[in-house]
Amino acid sequence: MADVSTKRENNGAVSNELSPKTKKTKTDHEKDRGENGSKSEKTVLSGFQTITVLSDSAREKTIFVHGKLADQNAVVILEKTPITEDALSEIFTSSTLELDLRNDIYSTYRLQASPHLNEIKATVVCPATEKHVKKYQRQESFLVEETADDYASITLPFIQKQSFSVQWVYNILEKKAESERIVFEDPDPKLGFVLLPDFKWDQKQLDNLYLIAIIHQRNIKSLRDLKFEHIPLLQNILQKGKEAILQRYNLPASKLRVYLHYQPSYYHLHVHFTKLGYDAPGCGVERAHLLTDVIQNLQSDSHFYKARSLSFPLRADDGLLSQFREAGRLELK
Ligand code: M7G
């Protein structure tokens with residue numbers, strides 16, 4: 001989740017830049033789903049019944065809650081949004097203050113800002129599967145080293161049976177959802193991709209910039225499937241993705257971390273673009289593979305990712321971890 005502790009920069013200029021430049025006509029599907037906030041959409045959480053708190057973080061100001069929404073399983077993620085520089089003058093002039101303590105040169109207050117300066121980003125997954133509930137539960141992780149044989153005999157059969165639906169990805173590619181959020185598209189069926197804000201990013205400040213590039217091809221699941229023939233696709237994503245981000249957000253490539261996850265949660269190849277310095281979830285060395293490294297590795301060996309061992313963390317109750325454990329492939333001593 002967003003690291004709200006880092007210093008905000010450049011925000012005065014940012015808010016206008018971050019609003020979509022052109023408004024496109026909404027698709028019927030988007031209208032049906034009330035993405036602009038119909039009346040029912042505005043009160044959708046009023047009937048939410050909490051079952052349990054899956055995890056929370058005072059530092060990141062987030063809480064992940066499992067509950068019921070109209071008798072369906074749901075996960076709701078609440079996250080206090082960062083304070084931006086352009087909101088400062090209004091915060092200072094229009095808020096009320098209650099003194100907590102004063103001591104020498106030090107004083108602390110409870111500041112009540114206007115509601116629009118005090119937003120909470122809410123992400124709702126409904127209906128949520130058991131796998132969603134597990135994904136957001138705080139858990140111990142274990143590092144697994146997957147050989148090429150492990151991939152063929154353990155991981156591939158597991159993900160073919162058990163992975164998350166990628167319907168949301170197809171909705172984006174077919175313009176049935178999020179079409180007005182698209183920052184850039186190359187429509188080429190082989191080399192093309194759609195670049196848009198990741199749903200983790202509220203787009204209010206560049207500090208936690210997070211976009212994803214989703215490829216048009218539908219037969220590449222993950223890093224493991226990449227071969228020499230995919231280098232033009234990867235170079236195209238890197239080049240045009242960087243250019244689009246420079247143009248839209250005025251952020252140069254030297255400020256970006258561009259990478260793939262292994263394992264991903266969604267097995268349709270996509271690339272993460274995050275701001276360097278933003279401690280994005282999953283950007284650690286055990287899960288993130290820099291796109292530039294991936295391209296070079298494939299240039300030196302077409303079967304690099306097919307043949308080599310890849311390490312990644314799995315959470316304690318991940319079904320894939322049980323499969324590795326049963327196969328005696330987990331080092332516990
Ligand atoms: P991943 O590496 O497959 O898994 O990345 P992770 O979620 O464990 O990182 C998928 C990325 O897609 C994540 O960064 C998600 O936040 C993002 N994402 C997931 N969904 C369901 C959506 C969505 O509906 N819209 C958008 N824009 N991004 C999404």
Side-chain angles (χ1 to χ4, degrees), residues 2 14-42 44-45 75-77 79 81 119 121-128 132 163-206 208-221 233-234 236-251 256 258 260-261 264-275 280:
V14 160
S15 48
N16 285 338
E17 246 169 52
L18 293 182
S19 54
K21 280 186 179 158
T22 43
K23 285 247 171 212
K24 291 188 198 139
T25 322
K26 277 182 174 292
T27 61
D28 288 346
H29 182 88
E30 281 170 328
K31 281 180 201 152
D32 289 345
R33 303 194 59 165
E35 289 189 1
N36 224 7
S38 63
K39 198 164 172 243
S40 61
E41 202 73 17
K42 283 181 179 161
V44 75
L45 285 179
V75 171
V76 173
I77 303 164
E79 176 184 3
T81 54
E119 279 184 8
K121 179 174 189 286
T123 305
V124 180
V125 184
C126 183
H132 286 107
S163 51
F164 281 128
S165 161
V166 289
Q167 188 55 50
W168 67 273
V169 170
Y170 298 154
N171 288 346
I172 290 172
L173 295 176
E174 292 164 15
K175 316 289 161 17
K176 291 179 179 163
E178 303 188 49
S179 56
E180 55 181 39
R181 286 159 49 87
I182 293 175
V183 169
F184 175 81
E185 175 169 17
D186 176 343
D188 188 279
K190 265 201 107 157
L191 301 181
F193 64 97
V194 169
L195 179 74
L196 79 169
D198 191 284
F199 79 170
K200 288 201 274 277
W201 185 33
D202 65 4
Q203 301 182 72
K204 293 223 168 99
Q205 58 287 307
L206 294 182
N208 57 350
L209 174 135
Y210 200 144
L211 293 105
I212 40 170
I214 301 174
I215 63 165
H216 276 300
Q217 284 193 59
R218 297 198 177 187
N219 56 351
I220 309 176
K221 288 184 287 305
L233 166 70
L234 301 174
N236 194 43
I237 295 173
L238 184 62
Q239 195 51 39
K240 293 190 180 151
K242 288 190 308 194
E243 282 166 16
I245 291 176
L246 178 64
Q247 217 188 353
R248 172 65 73 95
Y249 304 107
N250 199 20
L251 204 63
L256 294 176
V258 186
L260 293 95
H261 276 158
S265 294
Y266 303 95
Y267 289 88
H268 174 113
L269 196 82
H270 54 274
V271 176
H272 303 250
F273 287 75
T274 60
K275 177 147 185 250

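We count residues from 1, following the sequence as given.
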Discussion item. Just to verify, what does Lys121 make a salt bridge (charged side-chain N to carboxylate O under 4.0 Å, His left out) with, not counting sequence neighbours?
Written reply: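 Counting only residues at least two positions away or on another chain, Lys121 forms no salt bridge (charged side-chain N to carboxylate O under 4.0 Å, His left out).
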Lys240 meets the salt bridge (charged side-chain N to carboxylate O under 4.0 Å, His left out) criterion, sequence neighbours left out, with Asp186
Is there side-chain contact between [X] and [Y], with heavy atoms separated by less than 4.5 Å?
X      : Y      : value
Val183 : Tyr249 : yes
Leu234 : Leu269 : yes
Ile214 : Trp168 : yes
Lys275 : Leu251 : yes
Ile245 : Leu195 : yes
Leu196 : Ile212 : yes

Considering all heavy atoms of both residues, which atom of [X] and which atom of [Y] are nearest to each other, and what is their separation?
X      : Y      : value
Lys200 : Glu79  : O-OE1, 4.5 Å
Ala244 : Phe184 : CB-CB, 3.6 Å
Ala280 : Thr274 : CB-CG2, 3.9 Å
Ile237 : Phe273 : O-CZ, 3.7 Å
Gly241 : Phe193 : N-CZ, 3.9 Å
His270 : His268 : ND1-O, 2.8 Å

For [X], give me all partners under side-chain hydrogen bond (donor to acceptor under 3.5 Å, both in side chains), at least two apart in sequence or on another chain.
X      : answer
Asp202 : Gln205
Tyr210 : His272
Glu174 : Lys176, Arg218

- Verdict with reasoning, Leu211 to Trp201, per side-chain contact (heavy atoms from CB on, under 4.5 Å): CA-CA 8 Å; Leu211 293 105; Trp201 185 33; 4.2 Å; yes
Does a donor on one side chain sit under 3.5 Å from an acceptor on the other, for Gln239 and Glu243?
->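 Side-chain D/A pair, Gln239 to Glu243: present.
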Hits for ring-ring contact (aromatic ring centres under 6.0 Å, His included) against His132, two or more places apart or cross-chain, chain-then-number order -> Phe164
**OP:** Take Asp188 and His216 through the side-chain contact (heavy atoms from CB on, under 4.5 Å) test and state the conclusion after the steps.
**Re:** CA-CA 8 Å; Asp188 188 279; His216 276 300; over 6 Å; no
Does the side-chain contact (heavy atoms from CB on, under 4.5 Å) test come out yes or no for Leu238 and Leu256, once each step is laid out?
-> CA-CA 11 Å; Leu238 184 62; Leu256 294 176; over 6 Å; no
message = Treating Gln217 as the side-chain partner and Lys190 as the backbone partner, does any N or O pair qualify as donor plus acceptor under 3.5 Å?
response =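 Yes, Gln217 side chain to Lys190 backbone: donor-acceptor pair under 3.5 Å.
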Check your understanding: Short question: side chain of Asn171, backbone of Ala177 - any donor-acceptor pair under 3.5 Å?
Key -> no
(request) Look up atom CD in Glu119 and atom OG1 in Thr81, then write down how far apart they are to the nearest 0.5 Å. (result)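 Nearest 0.5 Å value for the CD-OG1 distance: 6.0 Å.
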